[in-house]
Structure formats: C-alpha cells, structure tokens
Peer 1: 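Dumping the structure here so I can ask a few things about it.
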Number of protein chains: 2
Amino acid sequence: MDDERLSRVFAALADPTRRELVARLAVGDATVGELAEPFDMSLQAVSKHLKVLGDAGLVSQRRDAQRRPCHLESEVFDLASKWLERYRLQAEGRYQRLDRVLAELVDQTDAAPRSAARNQGAQAS
Amino acid sequence: MDDERLSRVFAALADPTRRELVARLAVGDATVGELAEPFDMSLQAVSKHLKVLGDAGLVSQRRDAQRRPCHLESEVFDLASKWLERYRLQAEGRYQRLDRVLAELVDQTDAAPRSAARNQGAQAS
DNA sequence: GGCATTGTCAACCATCTGGTTGTCAACTGC
DNA sequence: GCAGTTGACAACCAGATGGTTGACAATGCC
C-alpha cells in the first residue's frame, strides 16, 4: 500500500510541468488560474496535472468561492524522501549509518518548527 | 538538463518492479538472470526494466563473459534526494534551515565513510 | 435574474509504457 | 565446430498519459 503511494508520488514528480507546479507552490499557495498562467498550455491541462499531484497526496485544494487555492502537503514527501535516502546510502555502501540518518529525517519531520537548536542534544526516542 | 535527468529518475522509480530491482541491487550486484528469477515475468521484461534504470543512471552494467552484472549507482540518487528534500522542507514551511540541510546532504555524499562524529560541530558554510 | 469568472468533467487523439514472443549475438565448454 | 547459456533487440499489443476542445457547475457581482 505504501508501494502504491510511492508509485503515485514518483510518477507525479516524473513530469517537469508538475515539478514546476510543486516549485511554485513551495513559495506559497496559489489558485489554479495563477498556477496555469506561466504555462503555454490550457487551464484544463494544468487542472489535470494538479489532479495527479492531488491523487499522489502532494497537493491539497481548499475552496474559496469559485477559486480553489492549492497547497503543498509535506507528508508524502517524507515517504519518498526516506525511500530515496535509504537506497542512496546503500548505493554508497554506507548503510551502516542508515538508522541514524533515518532517525534524523524523522526528527526533522516531527519536531515543531520552533528552534534551530535541535541538533546537538536531540532526543533519542 | 538536470530537469531531464530528474524526469527519468522519478519515472524509473515510479514502477514497483523497478523499485524492487533497486532494493535487490542495494544488497549487492547481481546478473540479469538473478534479478529476474523472483519475478513472474519474462527475462526480457526485466531486461527492459533494467534498461530504464540504466538510462536514468541508477544502474550500470559490467561485462563478465555472457553475464552482465548490474550495479547500483549513487550519483543520481543524490540529485533526486536533494530535489525532494528541498521541497519537503519547504512544504513544511521550514525552508529557513534549507541551506544547512542541503549542506549536510552534500557532506554525507562527499565525506569518506570514515567517522560518525561529523554531527556536532557542523560547518556553517 | 442574468452575466462574468473560475475551474471541473467528458470525449477525443497521439504518443508512451509494460508486457509478450521470436530472433539473434556473444561467449563458454565439450 | 557445435551446443548451451545469457541477455539484448525488434515487432507487436493493450492500456495509461498528456494534450486538445466543448459543455457545464458554482459562485460573486450588477
């Protein structure tokens, strides 16, 4: 089931147009029209791309009158990031540090965005 | 051009069969036949999957008589991993730490696998 | 109510993808 | 040299993907 989600995330990110949409949304939320504007492509096409990103869980949409502001979701990024990180390290033959690095990823994910001083003590849980 | 490479890497990883091949290769090099064995699929199909992984730069093949042992390459993992990590953090609204984390990824990539004590001092550059 | 704005849904089309089978090339070993 | 092993390449096929256009639903504004 994670497998299915991974497939959708990677497939969604395999398209350059969709990666540009992600990059734009990383700056801040935007409506479909705003997102479509820079592209030489119909609004419908962009809407379809957003649906793919949405199905992958990378993007969510609110409802604001006629508008549907899009928002980047971080959760599935974690999933893909961890998968990649695991095999990146193994490909380097340095999987001995895997546990520590994955723990750090989790730490970065779970910790509230309060201080930047979470690096030296770091709760072990 | 990095865009093209990213597209190929993500597209390659979007298929569950190919992710399993990567997982298997992370354990160690293997021939096409060895890789195909666990799959309910023709050798040619697996060979095609390996070609996709090869075109993406994720896997390389040596030549050993009739065999072509496959090897996992780490370089493009870096590329994809950094892309993901950047937007993962931005999606979390914590891009203020982006520079530090990307530097850390580079550190993990470049540093020889010698010590595990690279974490508390952490160069600021 | 009626019109403009914003975006989705449906149908259609060309191309890509993931599998198949068949053939062939490269190499080993008898 | 001939047979067996390992694997790639080509042709083919069904289904997915990425784009188009046209219709329409939902909402705000006059």
Side-chain angles (χ1 to χ4, degrees), chain A residues 3-25 28-73 80, chain B residues 3-25 28-73 80:
Chain A
D3 217 44
E4 174 63 26
R5 293 176 71 204
L6 270 178
S7 291
R8 276 203 292 255
V9 173
F10 283 133
L13 296 179
D15 185 279
T17 300
R18 288 195 289 262
R19 283 199 305 279
E20 278 194 57
L21 290 172
V22 167
R24 167 63 187 82
L25 285 172
D29 295 4
T31 67
V32 179
E34 286 165 355
L35 289 169
E37 198 269 349
F39 291 99
D40 185 21
M41 179 187 311
S42 69
L43 184 83
Q44 289 93 321
V46 172
S47 181
K48 276 170 87 171
H49 280 303
L50 285 169
K51 181 160 181 1
V52 174
L53 289 168
D55 289 345
L58 289 161
V59 163
S60 62
Q61 288 190 322
R62 291 204 328 279
R63 172 109 215 187
D64 172 24
Q66 315 97 310
R67 319 238 167 65
R68 284 149 188 85
C70 300
H71 175 77
L72 208 55
E73 295 290 335
Chain B
D3 216 44
E4 175 62 25
R5 294 176 71 201
L6 270 177
S7 291
R8 277 202 292 256
V9 173
F10 283 133
L13 297 179
D15 185 278
T17 300
R18 288 194 290 261
R19 283 198 306 278
E20 277 194 58
L21 290 172
V22 167
R24 167 62 187 83
L25 285 173
D29 295 3
T31 67
V32 179
E34 286 165 356
L35 289 168
E37 198 270 350
F39 292 99
D40 185 21
M41 178 186 310
S42 68
L43 184 84
Q44 289 92 326
V46 173
S47 181
K48 275 170 86 171
H49 279 304
L50 285 169
K51 180 161 181 359
V52 174
L53 289 168
D55 289 345
L58 289 160
V59 164
S60 62
Q61 287 190 323
R62 289 203 330 278
R63 175 108 214 191
D64 171 25
Q66 316 96 311
R67 316 235 170 66
R68 283 147 189 88
C70 300
H71 175 78
L72 208 54
E73 295 291 335

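Note that these values count all heavy atoms, side chains included, but never hydrogens, waters or copies made by symmetry. Each chain gets a letter, A, B and so on, in the order the sequences are listed, and its residues count up from 1.
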Peer 1: Return the value, rounded to whole Å, for the distance between atom CG of B:Leu35 and atom C1' of D:dA8.
Peer 2: 15 Å
Peer 1: Rounding to a whole Å, what distance do you find between B:Glu34:CD and D:dT5:P?
Peer 2: 16 Å
Peer 1: As an exercise, state the distance from OG of A:Ser60 to CG of A:Leu53, rounded to the nearest 0.5 Å.
Peer 2: 11.0 Å
Peer 1: Nearest-Å distance, CZ (B:Arg67) to P (C:dC27)?
Peer 2: 13 Å
Peer 1: Rounded to the nearest 0.5 Å, what's the gap from CD on B:Glu34 to CZ on B:Arg24? Could you check?
Peer 2: 6.5 Å
Peer 1: Starting from C1' on C:dG7, measure out to CZ on A:Arg62 and report it in whole angstrom.
Peer 2: 15 Å
Peer 1: Using atom types as modelled and distance alone, determine if a side-chain donor or acceptor of A:Arg67 lies under 3.5 Å from a backbone N or O of A:Val32.
Peer 2: no
Peer 1: Going 5' to 3' through nucleotides 11-20 of chain C, assign each nucleotide B (protein heavy atom under 4.0 Å from a base atom), S (under 4.0 Å only from sugar-phosphate atoms) or - (no protein heavy atom that close).
Peer 2: -------SBB
Peer 1: How many Å lie between CG on A:Asp55 and P on C:dC9, as a whole number?
Peer 2: 10 Å
Peer 1: Drop me the distance from B:Leu25's CG to B:Leu50's CG, to the nearest 0.5 angstrom.
Peer 2: 7.0 Å
Peer 1: Checking the side chain of A:Ser47 only, and the main-chain atoms of A:Leu43 only, is there a donor and an acceptor separated by less than 3.5 Å?
Peer 2: no
Peer 1: Say whether, by atom type as modelled, one donor and one acceptor occur between the side chain of A:Arg63 and the main chain of A:Ala65 under 3.5 angstrom.
Peer 2: yes
Peer 1: Checking the side chain of B:Asp15 only, and the main-chain atoms of B:Arg18 only, is there a donor and an acceptor separated by less than 3.5 Å?
Peer 2: yes
Peer 1: Taking atom C1' of D:dG19 as reference, at what distance in whole Å does atom NZ of A:Lys51 sit?
Peer 2: 17 Å
Peer 1: Spell out protein contact along nucleotides 24-30 of chain D as letters: B when the base is contacted, S when just the sugar-phosphate is, - when no protein heavy atom is under 4.0 Å; keep the 5' to 3' order.
Peer 2: --SBS--
Peer 1: Tell me: CG of B:Leu50 to C1' of D:dC9, nearest whole Å?
Peer 2: 15 Å
Peer 1: Round to the nearest Å and state the distance from A:Leu53 atom CG to D:dG18 atom P.
Peer 2: 10 Å
Peer 1: Would A:Thr31 and A:Arg68 satisfy side chain to side chain contact (heavy atoms under 4.5 Å, CB included), going step by step from the backbone distance to the final call?
Peer 2: CA-CA 6 Å; A:Thr31 67; A:Arg68 284 149 188 85; over 6 Å; no
Peer 1: For A:Lys51, what residues pass the salt bridge (charged side-chain N to carboxylate O under 4.0 Å, His left out) criterion, not counting sequence neighbours?
Peer 2: A:Asp55
